[in-house]
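For reference, the structure discussed in these notes is given below.
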Amino acid sequence: QVQLVESGGGLVQPGGSLRLSCAFSGGTFTAHGVAWFRQAPGKERKFVSRVNWSSAMKDYADSVLGRFTITKDNAKNTVYLQMNRLKPEDTANYYCAAQLRADRITEPSDYPYWGQGTQVTVSS
């Protein structure tokens with residue numbers, strides 16, 4: 001049973017920072033890529049960032065480029081999202097997701113495995 005567990009969300013003031021973690025496990029599961037998506041109330045789930053598990057190639061949405069950094073720890077099967085210079089519009093539930101093959105990296109439906117999400121609120 002593949003499991004992804006996010007942690008690290010919370011309330012932060014504009015301009016502040018948070019680091020999200022996504023730990024995944026499950027038998028012989030080997031991810032091709034692990035991504036972060038976010039979803040604000042009443043809005044669609046949107047791509048934030050992704051890291052290729054073998055090549056470490058990284059992709060970012062334009063809205064977070066230069067502020068967010070995705071990293072991975074192969075030994076711990078964990079992916080991190082360092083979020084700096086947070087803005088109120090970054091407020092959302094953040095989800096990590098894993099895909100097992102080369103698919104569209106920004107399309108949520110191409111990720112079969114999802115965590116439960118962690119809430120990030122940016123407010124003064």
In this structure, CD of E6 is separated from OH of Y94 (nearest 0.5 Å) by 12.5 Å
Quick check: does any side chain N or O of S49 sit under 3.5 Å from a backbone N or O of D59, one acting as donor and the other as acceptor?
yes
- Task: Tell me whether I70 is reachable from V48 by hopping between hydrophobic residues (I, L, V, M, F, W, Y) whose side-chain heavy atoms are closer than 4.5 Å.
- Result: yes
Residue pairs passing the salt bridge (charged side-chain N to carboxylate O under 4.0 Å, His left out) test with at least one member in residues 81-108, sequence neighbours excluded, are R38-D90, R67-D90, R101-D103, R104-D110
What is the ring orientation for F37 with W114, classed by angle as parallel under 30°, tilted 30 to 60°, or perpendicular over 60°?
tilted
d(Q116 CD, C96 SG) to nearest 0.5 Å is 7.5 Å
Solution key, residues 117-124 side-chain donor-acceptor pairs under 3.5 Å, sequence neighbours excluded:
residue, atom, partner, partner atom, Å
T118, OG1, G9, N, 3.1
Q119, NE2, A92, O, 3.4
Q119, NE2, T121, OG1, 3.4

_The test is side chain to side chain contact (heavy atoms under 4.5 Å, CB included); show your working for L100 and Y113 and say whether it passes._
CA-CA 9 Å; L100 306 185; Y113 301 105; 3.6 Å; yes
The reported gap from CE in M83 to OG1 in T69 (rounded to nearest 0.5 angstrom) is 11.0 Å
Student check: side-chain heavy atoms of T71 and V51 closer than 4.5 Å: no
**Item:** K58 atom NZ: more than 12 heavy-atom contacts under 6.0 Å
**Value:** yes
Minimal heavy-atom distance between S17 and N84, with the atoms involved, is OG-OD1, 2.9 Å
Quiz item: Are the side chains of R50 and Y111 in touch, meaning some heavy atoms are under 4.5 Å apart?
Solution: yes
Residue pairs meeting ring-ring contact (aromatic ring centres under 6.0 Å, His included), one or both in residues 49-82, sequence neighbours left out, come to F24-W53
(Q) For residues L86 and L65: do they belong to one hydrophobic cluster (side chain heavy atoms under 4.5 Å, members Ile, Leu, Val, Met, Phe, Trp, Tyr)? (A) yes
- prompt: Linking I/L/V/M/F/W/Y whenever their side-chain heavy atoms sit closer than 4.5 Å, directly or via other members, would L81 and Y95 fall into one cluster?
  reply: no
Is H32 close to N52 at the side-chain level, that is, under 4.5 Å between some pair of heavy atoms? yes
One should read off an interatomic distance between L20 CG and W36 CH2, to the nearest 0.5 angstrom, of 4.5 Å
